[in-house]
2 protein chains.
Amino acid sequence: MKAVETGPPLGCAAVMLGVFRAALQEQHQPVTQQREAIAQALFESGRHLSAEDIVEKLREGGESVGKATVYRTLNLLVQVGLAVEHDFDEGFRRYEMSAGPSRHDHLICTSCGVVVEFQRSEVDDLMGEIAEAHGFHVLTRQVKLYGLCPTCDEAADADLTRAGLR
Amino acid sequence: MKAVETGPPLGCAAVMLGVFRAALQEQHQPVTQQREAIAQALFESGRHLSAEDIVEKLREGGESVGKATVYRTLNLLVQVGLAVEHDFDEGFRRYEMSAGPSRHDHLICTSCGVVVEFQRSEVDDLMGEIAEAHGFHVLTRQVKLYGLCPTCDEAADADLTRAGLR
DNA sequence: ATCGCTGCAAACGGTTTGCAGGACA
DNA sequence: TGTCCTGCAAACCGTTTGCAGCGAT
């Protein structure tokens, strides 16, 4: 078995790429090498990538794409629903493959910056109910919990204790 | 009874201002006219204001403050927990008075941009439970539902119907 | 009187845009 | 072959920063 860097099921990227190609053709938009490369980079990583991350990833792979094209393609991916935009308060945006109906949300540590994903059907249910109650037709959501991860929380506690004992 | 532009209970701004002053003094930070004016502008409006909004609001009131000071003071307010930062994907940030424990969340229309607030104790409960399950010490959260408001949803439906009948 | 906040303007950095040339349909 | 996507670089814009001077403590 081959070692793989990161997460998504093998073959998933290929399927997503097919969907992307189909979506482009349906809108009479050209399927260019750059668009495929950018989409593939995002799908293969399966994580939260910045535009810069993608430029770098592709450069490492020997492909050269302009930053502007990366932004344009990412917007395209968001439009057709194959990617979602995230803002983790870093001063720039990150993008992530959107596996359609599989919704998940994030816990973000404001101290060390670690991002933990979680998935709870109760969130889907509750948000759906709220949207309905307000007559909104919700397409996407951003549920982010900011605070201290267990490690940083413990460290902060230790600091406080030390200060208290001083 | 006097006509009032916007929302928060009268006197609320004054109380919040007092808390801000106390917080500054506690940290041995000077209570300047600018800081008071900026905080008051935010507290009185009670809505989601951008830094630019505040500069304008103060200029209208005859007070002149630098944009840099507005940003610095807003960060100060966030640090002491009297304001929260919002990002509604407009390319800039908005700030809102934080009434401490009274948490509320937002529905955002991606078509007309209207922002609707809602408050549901179930959200507090669920988020608290999730944070606990992951050992996170959550301080703030961002729960945003993006989609079409009733008006825009209806308009979109009408468009689709028209297209279908063409 | 001292410390550090303010304000102006320039710097900064992520994102967008204009335009000449080349790739897809 | 025509359209429009790409890539470079400059423009853009919200935010941050450096520095001289004044205000709060």
Side-chain angles (χ1 to χ4, degrees), chain A residues 17 20-42 48-59 61-80 83-95, chain B residues 17 20-42 48-59 61-80 83-96 113:
Chain A
L17 244 186
F20 185 40
R21 264 192 283 260
L24 288 175
Q25 288 171 349
E26 194 164 339
Q27 297 186 21
H28 304 290
Q29 290 237 6
V31 178
T32 66
Q33 291 182 356
Q34 292 89 336
R35 287 176 175 184
E36 290 197 325
I38 292 163
Q40 190 167 16
L42 187 66
H48 313 104
L49 299 183
S50 65
E52 200 68 49
D53 288 339
I54 292 178
V55 170
E56 219 170 292
K57 201 173 167 67
L58 291 180
R59 226 182 280 285
E63 310 209 45
S64 169
V65 293
K67 210 179 295 184
T69 302
V70 171
Y71 279 106
R72 287 188 275 233
T73 303
L74 286 172
N75 285 333
L76 218 47
L77 283 162
V78 170
Q79 273 176 41
V80 300
V84 288
E85 208 178 278
H86 285 295
D87 187 340
F88 295 130
D89 283 324
E90 300 169 296
F92 55 89
R93 298 180 208 143
R94 291 183 176 276
Y95 294 82
Chain B
L17 243 185
F20 184 40
R21 264 192 284 260
L24 287 175
Q25 288 172 349
E26 194 164 339
Q27 297 186 20
H28 304 290
Q29 291 237 4
V31 178
T32 65
Q33 292 180 356
Q34 292 88 336
R35 288 178 175 184
E36 290 198 326
I38 292 163
Q40 191 168 16
L42 187 66
H48 313 105
L49 299 183
S50 65
E52 199 67 48
D53 287 338
I54 292 178
V55 171
E56 220 170 292
K57 201 174 167 68
L58 291 180
R59 226 182 279 285
E63 310 208 46
S64 169
V65 294
K67 209 179 296 186
T69 302
V70 171
Y71 279 106
R72 287 188 276 232
T73 303
L74 285 172
N75 286 333
L76 218 47
L77 283 163
V78 171
Q79 272 177 42
V80 301
V84 288
E85 208 178 279
H86 285 295
D87 188 340
F88 295 130
D89 284 323
E90 301 169 294
F92 54 88
R93 297 178 210 148
R94 290 182 177 277
Y95 295 82
E96 178 189 24

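Chain identifiers are assigned alphabetically (A, B, ...) following the order of the sequence lines, protein sequences preceding nucleic acid strands; residue numbering begins at 1 within each chain. It should be emphasised that the depicted structure is a prediction, and the values quoted were computed from it without experimental measurement.
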So if I apply the side chain to side chain contact (heavy atoms under 4.5 Å, CB included) rule between [X] and each of [options], which one comes out positive?
X: B/E96; options: B/V84, B/L42, B/L49; answer: B/V84
X: B/I38; options: B/V55, B/T32, B/L58, B/L76; answer: B/L58
X: B/V80; options: B/Q29, B/E26, B/Q27; answer: B/Q27

Taking for each residue the nucleotide of DNA chain D bearing the nearest heavy atom, is the 5' side occupied by B/A68 or by B/P30?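 Mapping each residue to its closest nucleotide by heavy atoms, the 5'-most match is B/A68.
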Toward the 5' end of DNA chain D, by each residue's nearest nucleotide, A/T69 or B/S50: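 Mapping each residue to its closest nucleotide by heavy atoms, the 5'-most match is A/T69.
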Counting side-chain heavy atoms from C-beta on, which of [options] comes nearest to [X]?
X: B/T32; options: C/dC24, C/dT16, D/dA24; result: D/dA24
X: B/V65; options: C/dG7, D/dA24, D/dG7; result: C/dG7
X: B/Y71; options: D/dT16, C/dC5, C/dT15; result: D/dT16

Nearest nucleotide by nearest heavy atom, which residue falls closer to the 5' end of DNA chain C, B/H28 or B/K67?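 Its nearest nucleotide lies further toward 5', so the answer is B/H28.
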Just how far, in rounded Å, is [atom2] of [N] from [atom1] of [X]?
X: A/L74; N: C/dG14; atom1: CG; atom2: C1'; answer: 13 Å
X: A/L58; N: D/dG7; atom1: CG; atom2: C1'; answer: 14 Å
X: A/L76; N: D/dC5; atom1: CG; atom2: P; answer: 8 Å
X: A/R94; N: C/dG14; atom1: CZ; atom2: P; answer: 11 Å
X: A/L24; N: C/dC24; atom1: CG; atom2: P; answer: 13 Å
X: A/E90; N: D/dT15; atom1: CD; atom2: C1'; answer: 16 Å
X: A/I54; N: C/dG14; atom1: CD1; atom2: C1'; answer: 14 Å
X: B/Q33; N: C/dT6; atom1: CD; atom2: P; answer: 11 Å

Does a side-chain N or O of B/Q34 approach OP1 or OP2 of C/dG7 to a distance below 4.0 Å, or not?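 Yes.
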Counting the atoms with a prime plus P, OP1 and OP2 as sugar-phosphate, which does [X] contact under 4.0 Å by heavy atoms, base, sugar-phosphate, or nothing?
X: B/S64; answer: sugar-phosphate
X: B/F92; answer: sugar-phosphate
X: A/E52; answer: nothing

Can you tell me if B/R35 uses its side chain to pair, donor with acceptor, with the backbone of B/F20 under 3.5 Å?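 Checked: no pair found.
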If you go through the side-chain atoms of B/R72, does one of them form a donor-acceptor pair with the base of C/dG7 closer than 3.5 Å?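 When only heavy-atom distances are counted, B/R72 does reach the base of C/dG7 through a donor-acceptor pair under 3.5 Å.
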Do A/V65 and A/T73 have side-chain heavy atoms sitting under 4.5 Å apart?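 The answer is no; the side chains never approach within 4.5 Å.
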